[in-house]
Amino acid sequence: MTPHRHGNDYERRKWRQVAAHFGMGAAFGALFAAIVLYNNYFGLSGVIATSEAPTLVRIIFVVGVSGSFAFMAAITGFLFLVHED
């Protein structure tokens, strides 16, 4: 195996690990948002229910929280991987 090939595999493995952190963050973020809405924490579900398009607002809320968790988990995973090397 050539050194270039080995380095390429190493990079791919690292990016797969960052992608895994992103996916894990997205899943946990969606779960967290669903729990917040289901249990009506902070009265959020009640406020959303009074909006003109509650389903759309719920979807945007879940996607937004999920995206935030995913981005932060990917950044954290990347920093762990950089520190590991």
Side-chain angles (χ1 to χ4, degrees):
M1 187 176 283
T2 64
H4 177 68
R5 174 79 178 165
H6 177 69
N8 198 12
D9 289 342
Y10 177 76
E11 290 293 321
R12 284 184 182 170
R13 186 171 48 92
K14 292 297 182 185
W15 282 113
R16 273 192 229 114
Q17 289 175 341
V18 170
H21 279 91
F22 185 88
M24 179 180 55
F28 283 130
L31 180 65
F32 175 76
I35 289 171
V36 167
L37 289 175
Y38 181 76
N39 290 326
N40 197 22
Y41 288 123
F42 313 110
L44 189 61
S45 191
V47 170
I48 291 174
T50 62
S51 70
E52 288 185 28
T55 303
L56 181 62
V57 174
R58 284 186 191 102
I59 290 169
I60 291 172
F61 177 74
V62 171
V63 169
V65 171
S66 179
S68 297
F69 272 58
F71 180 72
M72 290 303 161
I75 295 280
T76 304
F78 176 76
L79 292 175
F80 282 154
L81 293 172
V82 168
H83 180 70
E84 187 179 273
D85 291 338

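One is the number of the first residue; the rest follow in order along the sequence. These values consider heavy atoms only, across backbone and side chains, with no hydrogens, waters or symmetry-generated copies.
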Can you hop from [X] to [Y] via hydrophobic side chains spaced under 4.5 Å?
X     : Y     : result
Ile60 : Leu37 : no
Phe42 : Val62 : yes
Phe69 : Tyr41 : yes

Under 4.5 Å side-chain heavy-atom separation, chaining through any Ile, Leu, Val, Met, Phe, Trp or Tyr, what else clusters with Tyr38? Say none if it is isolated.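 Same cluster as Tyr38: nobody, lone residue.
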
Please find the pair of heavy atoms, one from [X] and one from [Y], that lie closest to each other, and give the distance.
X     : Y     : answer
Ser66 : Ala26 : OG-O, 2.8 Å
Ala73 : Gly25 : CB-CA, 3.8 Å
Asn40 : Leu44 : OD1-N, 3.4 Å
Pro54 : Ile48 : CB-O, 3.4 Å
Ser51 : Val57 : OG-CG2, 3.7 Å
Phe32 : Val65 : CD2-CG1, 4.0 Å

Apply side-chain contact (heavy atoms from CB on, under 4.5 Å) to the pair Arg12 and Asn8, showing each step before the final yes or no. CA-CA 6 Å; Arg12 284 184 182 170; Asn8 198 12; 3.9 Å; yes

Heavy-atom count around Phe78 CZ within 6.0 Å, excluding the residue itself: above 12?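 No - once you tally the heavy atoms of other residues, nucleotides and ligands closer than 6.0 Å, there are 12 at most.
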
When rounded to the nearest 0.5 angstrom, what is the spacing between OG1 in Thr76 and CZ in Phe22?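 If I round to the nearest 0.5 Å, the distance is 12.5 Å.
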
